[in-house]
Amino acid sequence: MTNPARRRKELPKMPEWPDVEIFKQYLDATSLHQKIHTITVHNRRIFKDTSPDKLKQALRGHCFESTSHYGKYLFVEIDNRYYLVLHFAMTGSLRYSKNNRKKAPHDRVVFNFVNGYKLVYVCQRMLGYIGLVKSLAGFLESCELGPDAFSVDNKDFKEIFRKSRGGTKSTLMNQKLIAGIGNIYSDEILFQAGVNPKKQCSKLTDADIENLHRNIKKVFRQATKRKADPQRLPKSYLLIHRRKGGVCPRCHNKIETQRIAGRTAFFCPKCQK
DNA sequence: CTAGATGTTAAGGT
DNA sequence: CACCTTAACATCTA
């Protein structure tokens with residue numbers, strides 16, 4: 001149990017934008033253009049707006065063609081123009097393996113390919129879900145999501161913060177305003193930008209907003225490069241020190257915690273004003 | 001045994 | 001209305 005690689009694997013997943021990007025890359029590298037033979041549903045509660053029968057009917061004999069990523073969602077285009085919707089919530093992930101490999105406790109839905117491999121949707125806490133939709137645009141509309149956090153341009157980003165009267169962290173995490181940022185990465189983005197999580201958006205300067213925008217890209221690019229494993233981020237990042245009793249990598253004072261929007265925020269009161 | 005963790009949603013308060 | 005907090009969902013760890 002002291003093997004660090006093994007320990008790391010056991011850390012809970014917290015899928016935000018970088019994690020979903022990694023799932024996309026993983027699916028692209030393993031599961032495209034292979035005929036789906038059968039689908040095994042271990043838990044039907046995981047479905048949203050679809051059923052095991054509908055899913056089987058739509059997928060059997062077909063292939064995953066391409067994927068796209070928006071906010072915390074991953075979409076898989078099927079060669080019959082349907083889209084599989086994957087949301088990972090707090091503990092969802094994907095695993096590709098030989099399809100004779102034994103079922104693991106949290107395997108929920110299994111796509112068995114004719115090549116003898118399978119893609120498994122794994123979700124310990126059952127809060128994630130799988131959907132099947134005909135129109136991607138229609139689905140996105142119904143979610144009322146804001147622009148994708150990584151792709152949003154400066155002008156739209158600025159407008160969001162100029163309009164919001166809430167706190168900066170709450171705004172960053174609000175999927176209806178910006179899609180893809182969760183509790184963990186919002187802490188990092190705020191730290192990198194030197195903005196206090198509770199600071200009202202109305203008090204942000206233009207420079208603050210530009211700083212936040214720039215740091216979303218920086219942090220997401222960096223996290224994606226490190227396989228979305230916060231433990232592998234540079235030591236200058238807050239996430240490495242994000243625990244009780246942790247110390248700010250910049251000024252070495254104690255990191256504080258506060259409950260914001262129902263989540264625990266970690267930040268440095270000296271470096272984030 | 002309890003508290004706390006993660007994301008979303010609904011409900012209730014200011 | 002726009003914003004906030006809380007609780008619920010499921011399950012595991014400290």
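Quick note: numbers below take in every heavy atom, side chains included, and nothing from hydrogens, waters or symmetry partners.
Classification of the A/Tyr96-A/Phe113 ring pair by plane angle, with boundaries at 30° and 60°, yields tilted. Between A/Phe220 and A/Trp17, the ring planes lie parallel to each other; the angle is under 30°, not in the 30° to 60° tilted range. The aromatic rings of A/His213 and A/Phe157 sit tilted, their planes meeting at an angle between 30° and 60°.
Atom SG of A/Cys268 sits about 12.0 Å away from atom NZ of A/Lys254, to the nearest 0.5 Å. Residue A/Phe191 holds its CZ atom at 9.5 Å from CG of A/Leu239, rounded to the nearest 0.5 Å.
The CZ atom of A/Phe266 sits 7 Å away from the P atom of B/dT6 (whole-angstrom rounding). Rounding to whole angstrom units, CG of residue A/Leu172 and P of C/dC3 are separated by 14 Å. Between A/Asn174 atom CG and B/dT8 atom P the separation is 10 Å, expressed in whole Å. The nearest whole Å value for the distance from the CG atom in A/Asp49 to the P atom in B/dT9 is 11 Å.
Residues of residues 176-187 of chain A having a heavy atom closer than 4.0 Å to DNA chain C: none are found. For the contact set between residues 237-244 of chain A and DNA chain C, defined by any heavy atom under 4.0 Å, there are no members. Within a heavy-atom distance below 4.0 Å of DNA chain C, no residue of residues 140-147 of chain A is found.
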field: Summary of protein contacts for nucleotides 4-10 of chain C, nucleotide by nucleotide, where a base hit scores B, a sugar-phosphate-only hit scores S (4.0 Å, heavy atoms)
entry: SSB--BB
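Distances from the side chain of A/Glu16 to the nucleotides B/dG7, B/dT9, C/dT11 place B/dG7 closest.
A salt bridge does not link A/Arg214 with A/Glu210: every distance from a Lys NZ or Arg NE/NH1/NH2 to an Asp or Glu carboxylate oxygen is 4.0 Å or more. Between A/Lys203 and A/Asp208, none of the side-chain N atoms (NZ, or NE/NH1/NH2) sits under 4.0 Å from a carboxylate O, so this pair counts as no salt bridge. Note on A/Lys169 versus A/Asp187: salt bridge recorded, some NZ/NE/NH1/NH2 to OD/OE distance being below 4.0 Å.
Separating the P atom of B/dT8 from that of C/dC1 is a span of 23 Å, rounded to the nearest Å. With P as the reference atom, B/dT6 and C/dC3 are 24 Å apart, rounded to whole Å.
A/Thr224 and A/Ile22 get closest at one heavy-atom pair: O-CD1, 3.5 Å.
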- prompt: Starting at the 5' end of DNA chain C, what dot-bracket string do you get if Watson-Crick and G-U pairs under 3.5 Å are bracketed, crossing pairs use [ ], other-strand pairs use | and unpaired bases use dots?
  reply: .||||||||.||||
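By the 6.0 Å contact criterion, NZ on A/Lys270 is open, its count of non-hydrogen atoms from other residues, nucleotides or ligands being 12 or less. More than 12 heavy atoms of other residues, nucleotides or ligands sit less than 6.0 Å from atom CD of A/Gln200. Within 6.0 Å of the NZ atom in A/Lys35, the count of heavy atoms belonging to other residues, nucleotides or ligands does not exceed 12. By the 6.0 Å contact criterion, OH on A/Tyr117 is open, its count of non-hydrogen atoms from other residues, nucleotides or ligands being 12 or less. For A/His42, the NE2 atom counts as densely surrounded, since its 6.0 Å shell holds more than 12 non-hydrogen atoms of other residues, nucleotides or ligands.
Between A/Thr91 and C/dT11, a side-chain N or O to OP1/OP2 separation shorter than 4.0 Å is absent. Residue A/His87 has a polar side-chain atom (N or O) positioned under 4.0 Å from OP1 or OP2 of B/dT8.
In this view, A/Arg162 and A/Asp206 satisfy the side-chain hydrogen bond (donor to acceptor under 3.5 Å, both in side chains) rule, not counting sequence neighbours.
With hydrophobic clusters built from ILVMFWY side chains whose heavy atoms lie under 4.5 angstrom apart, A/Tyr82 shares a cluster with A/Leu27.
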